[in-house]
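Atoms considered below: every heavy atom in the structure, side chains included; atoms not considered: hydrogens, waters and symmetry mates. The model shown is predicted, which means the values in this text are computed figures rather than measured ones. Reminder, nothing fancy here: chain letters follow the sequence lines and each chain counts from 1.
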Amino acid sequence: MRIGVVTFPGSLDDSSALRAIRLAGGTPVPLFHASDDLMEVEAVVLPGGFSYGDYLRCGAISRFAPIMSSIIIAAEHGFPVLGICNGFQILCESHLLPGALTRNQGLHFVCTDQPLTVENISTPWTSGYALGQRLVIPIKNGEGSFQASAETLIELESEGRVALRYADKNPNGSKNEIAGITNARGNVVGVMPHPEQAVESLTGPSTDGLAFFTSILQSLVGR
Amino acid sequence: MATIVVEVMLKPEILDPQGQAVAAALPRLGFTFAKAVRQGKCFEIEVDGTPSAEQLSDIERAAETLLSNPVIETYVVRVGA
Amino acid sequence: MATIVVEVMLKPEILDPQGQAVAAALPRLGFTFAKAVRQGKCFEIEVDGTPSAEQLSDIERAAETLLSNPVIETYVVRVGA
Amino acid sequence: MALDTVAIASEQPNTLQPWRELGLKEDEYSRIKEILGRRPTASELAMYSVMWSEHCSYKSSKVHLKQFGEKAPHSDALLVGIGENAGVVDIGQGYAVTFKIESHNHPSFVEPYQGAATGVGGIVRDILTMGARPIAVMDPLRFGLADAPDTRRVLPGIVAGVGGYGNCLGLPNIGGEVVFDETYAGNPLVNALCVGVMRHEDIKLATAHGTGNLVVLFGAKTGGDGIGGVSVLASETFASGKAAKRPSVQVGDPFAEKVLIECSLEIFAEDLVIGIQDLGGAGLSCATSELASAGSGGMSIQLDKVPLRDPSLSPEEILMSESQERMCAIIEPAKLSRFMKICKKWDVTATVIGEVTAGKHLEITFNGELIVDVPPRTVAHDGPVYNRPIAKPAYLDSLVPTELPTLDTPDAIKAELLSLIAAPNIADKSWVTDQYDRYVQGNSVLAQPEDSGMVRIDEQTHLGVAISTDANARWSYLDPYNGAKLALLESCRNIATTGAKPLAVTNCLNFGSPEDPGVMWQFAETVRGLADICLEMGLPVTGGNVSFYNQTGAVAILPTPVIGVLGVIQDVRARTKMGIPSAGLQLIQIGNTGDNFSGSEWAHLHGQMGDHAPTPDVGTEVRLIELLLEAQPLFESAHDLSDGGLAAALTEATLRNNIGATIGLPGEFIPGGVAAALFAETPGRVLIAVDPINLSALEVLAAKYEIPLHALGSTGGDALVINHASISLTELRAAYTETLPRLFG
Ligand SMILES: Nc1ncnc2c1ncn2[C@@H]1O[C@H](COP(=O)(O)OP(=O)(O)O)[C@@H](O)[C@H]1O
Ligand SMILES: [Mg+2]
């Protein structure tokens, strides 16, 4: 099962995302921002990092990369896309997901082992979790505060499109403790926490992130 | 040569922790003038000669699509010196 | 109530990677108007009524000591609407 | 201003030149004239002045640093030693590791964010230059008192700068230090360490040879950053009143550096460069003269080819500019097009600015006019050497022994412990370290607050490296010779506590003014101690950095030799962590406690310094390290005892996983009683938790290495109980964690 990971200039967690796909049993495929060729992958991960230095706004410049034009078209037809951290920011800037990620309330970059709860298991990226399951996954970002208009928040909540929520403490001032959301169709998911950094107990606080990658492989098999 | 200034501010309903931090710091330094502070970005764009109508409309479009994110921000374009 | 705007820009000799990133992105989107772009911060400060001379001089001092770092930045204070 | 050419310099020998303003001494200026047989051109003067500055020439430290060569232990692991951008050691399986610490102290006082950010950027380029992929950073920091107003300006800026740059590069920050002392007010120390890994065959050196090979400048465009920063700023005390001495600050662009790293690694992978050098202090002056000097000598440069960010720069300014994120490579003409292609892929500007020539001179032209014509060695390597006067400082004669309370009651134990662990030097540092990405790259096996940082090198074989940095400036103040030795021993112990074997050493020597004989004595003693201990421990010094002039008026900082030790672990899965993992374990202190209050944090809390540093017991430390490495499979957790003594170690070990402990301290057997047992900072001790079934095996090993074990008690419960003093973990945590957030928001 070929899963792509896009490297933008300034992507940082691309190698970890490739590793996570491999550990989950998939075939990781590196994709480069400057080409619009999706290399026959069946799903794609937009990894964390500081694409284009996060200058202007996080994700604002990457959204215009050639690879994104292919991804946007594919996503509108149901192609599975997971955006992690900077990838989530890119998805919002691309309008594949609503809302925006803004400066953390505490004004600092925050790297911590964050408790979360899973709130939606109907997406191909979260189907391997149990509803309400508690996870501990690292967050590490300076602009992770999810903001959206009141109507958008009502829409997300009423349609059950909040995928992950911060538990115990809100680390950054996100509206409704939102840590991750999905589009209406469920194929596009964006999360601020880094599941690819919680796939081995040796290097992460848990292995709670692995199910994002096993979920997508399962979903693709079942299709 | 002219300078165009694009000011981008967070919408009033969006949390502005940077502005809040400044508002909190001012009185600690003895400055009491501010009722509220919001922090935004500004871009100084240099263009050749006086900007044409077409250029100005291009700048508007750039401000709307690239320089600001309409989900959370508003912008103003000013033609400077 | 008046709004004071303080614009803080990097000095021209200081590297401005953010402005450069914007300048590089504009032509990729087909916008060719910009000869150069610099990015700075702006603060919108609300004060009660028309600002007094004393308030204005306070604002100048705040701009110099808190809102900007004179080692690398310059600022302008404008009284807005 | 008219261009000052070599021809004009020959014709007009009497032109007045601002050598003094550029930081040169009269005899140094005469020597330049002697070398050239004429007065220097303005550009040559600029080059010599920066390259002969303290920062670049090591003119005050050289005579001492050569001990690292003279006393060097034989080491099969050393692949590249002192003298290159960073030393390289063999860690087996075909891997080589390079690591180094550098300081960026003064710039971080002037502009904390950018100063610290560019400090990280600079050391990362040094590591990259060796041909290595940078894999982690660390940041030993020193600040003025935690509650001083200026610390509230300096610390958040520096921390944000270290994080802002390192996080954006995707380098995990796996450790560092945060220490407060009033002598660092006005002189914060920002030391940055980077470690990188490569295959043996990929090692690159800074050398230019092969007539006709091209000199290529790639990376950011050149602006006016930090002009004069190196010579003026780093050679004289920074006096806040003299605005003219302020440097123009260097501003970093971590994104540019990130793409420069990826671009360079792709270039290395295709073996496209003959030699390579980063542009750091003294910019192009340094890079061109060092490359030429290390090669055959001849090089010609067309300075007008250098891509500029600020077109108004004069040739002297271009030569001196410290614009960040630039590299200089020597490549064969046949490989140029491939080189350029890779640069284009990463959107990195690359320009041929000259070539290697058959001659022996570095010749630089500007618009066709010859403005520099020098033997490069005289610029890069044959700078002045000073044997500065040395005198044992008077303060050492007026030191007084500590006089501290005894701890007789449970209430006294509790109160003293809680105030100690809330002291800024001991308190939890996560306010700082949570601003650093410790996970990125997915290979961080250990990071702060563990005793050392540890990174996996190979996912198949599980090979890894560990790094720890340490300095105990108070001990160095009391006794710089032993202070340096103790810092190195502590670093080694930290490495061994996590399960790795010490292999090599780097250092960053932060001191006051070398023109003060007392400071110079501290420096000389430090280097002597460090060279001696490295020889005794069989560890090579692979490189380092010296930072002088860290002083305000007549007051110098505490002598602060920051020592970094690199260790190797064959299987990272076997590493030991510092937190107690479960209840029902035995807590044991390895090593004896003595009456070592001088220089301790507890004495400091009581306003005392004391009069002597502990005497290092190298034999015992070596056996301790051997014991730690052999007994490691028997440990459930292990934590080095250092600042704050056993009290701090117990706090950290219990709070890590929120598992309490009950211990009894037989104070009557320890000189200094219960107070010493808890708060003395005797070196050579480790706190471990072991499963009772492993106890006898541990005892056998300890006996073999003749290392004493002391049973302290057992783990479990939700309190730390010490001799009837019971402190709930909640109370303990509050005291330990609230200090930094309260001070810095
Ligand atoms: N304290 C020290 N211990 C050992 N080597 C040192 C020390 N200080 C400087 N060096 C070595 O001297 C050489 C020159 O240092 P430096 O000029 O700082 O290098 P760079 O210009 O690459 O930063 C380097 O090889 C460095 O490792
Ligand atoms: Mg170097």
Side-chain angles (χ1 to χ4, degrees), chain C residues 3-47 54-78, chain D residues 106-115 117-118 121 149 152-154 157 160-161 164-165 168 219-229 233 238 240 243 245-260 308-313 317 321-326 347-349:
Chain C
T3 305
I4 314 277
V5 180
V6 180
E7 269 180 32
V8 177
M9 299 298 293
L10 286 168
K11 290 182 180 171
E13 67 269 24
I14 299 285
L15 178 69
D16 174 18
Q18 308 202 80
Q20 282 183 1
V22 174
L26 284 169
R28 281 205 297 270
L29 301 180
F31 296 117
T32 53
F33 52 80
K35 297 287 148 261
V37 182
R38 292 189 75 75
Q39 179 172 339
K41 288 181 253 196
C42 75
F43 301 89
E44 278 185 15
I45 303 171
E46 275 179 29
V47 299
E54 195 196 338
Q55 274 186 327
L56 280 176
S57 99
D58 264 12
I59 292 171
E60 281 283 334
R61 276 200 304 129
E64 198 179 325
T65 54
L66 178 71
L67 302 181
S68 75
N69 176 354
V71 177
I72 51 172
E73 293 168 326
T74 57
Y75 66 88
V76 205
V77 177
R78 286 190 296 116
Chain D
H106 296 283
S108 302
F109 174 68
V110 178
E111 217 301 309
Y113 185 95
Q114 294 296 346
T118 52
R152 229 166 293 160
R153 169 187 74 97
V154 170
Y165 208 100
C168 193
K221 291 184 180 170
T222 299
D225 309 61
I227 289 177
L233 182 74
F238 176 70
S240 54
K245 289 227 160 175
R246 286 196 172 190
S248 46
V249 172
Q250 308 151 26
V251 172
D253 179 354
F255 171 63
E257 180 130 319
K258 169 65 181 166
V259 283
L260 192 58
L308 299 181
R309 192 175 85 230
D310 173 357
S312 69
L313 291 181
E317 289 171 325
S321 161
E322 297 189 349
S323 282
Q324 302 290 296
E325 294 97 21
R326 298 181 297 163
D347 213 359
V348 166
T349 308

Working for salt bridge (Lys or Arg N to Asp or Glu O under 4.0 Å), residues Lys11(C) and Glu73(C): CA-CA 5 Å; Lys11(C) 290 182 180 171; Glu73(C) 293 168 326; over 6 Å; no
Interface residue of largest heavy-atom contact number with chain C, from Arg309(D), Gln324(D), Glu111(D), under 4.5 Å: Arg309(D)
Engaged part of Ile72(C) at the chain D interface, taking heavy atoms whose separation is under 4.5 Å: side chain
Region of Gln20(C) that comes under 4.5 Å of a non-hydrogen atom in chain D: side chain
Exam field: side chain Ser321(D) to backbone Gly223(D), donor-acceptor pair closer than 3.5 Å: yes
Test item: Gln114(D) side-chain N/O and Gly252(D) main-chain N/O as donor-acceptor pair under 3.5 Å: yes
Chi angles and distances behind the side chain to side chain contact (heavy atoms under 4.5 Å, CB included) call for Asp253(D), Leu15(C): CA-CA 8 Å; Asp253(D) 179 354; Leu15(C) 178 69; 4.0 Å; yes
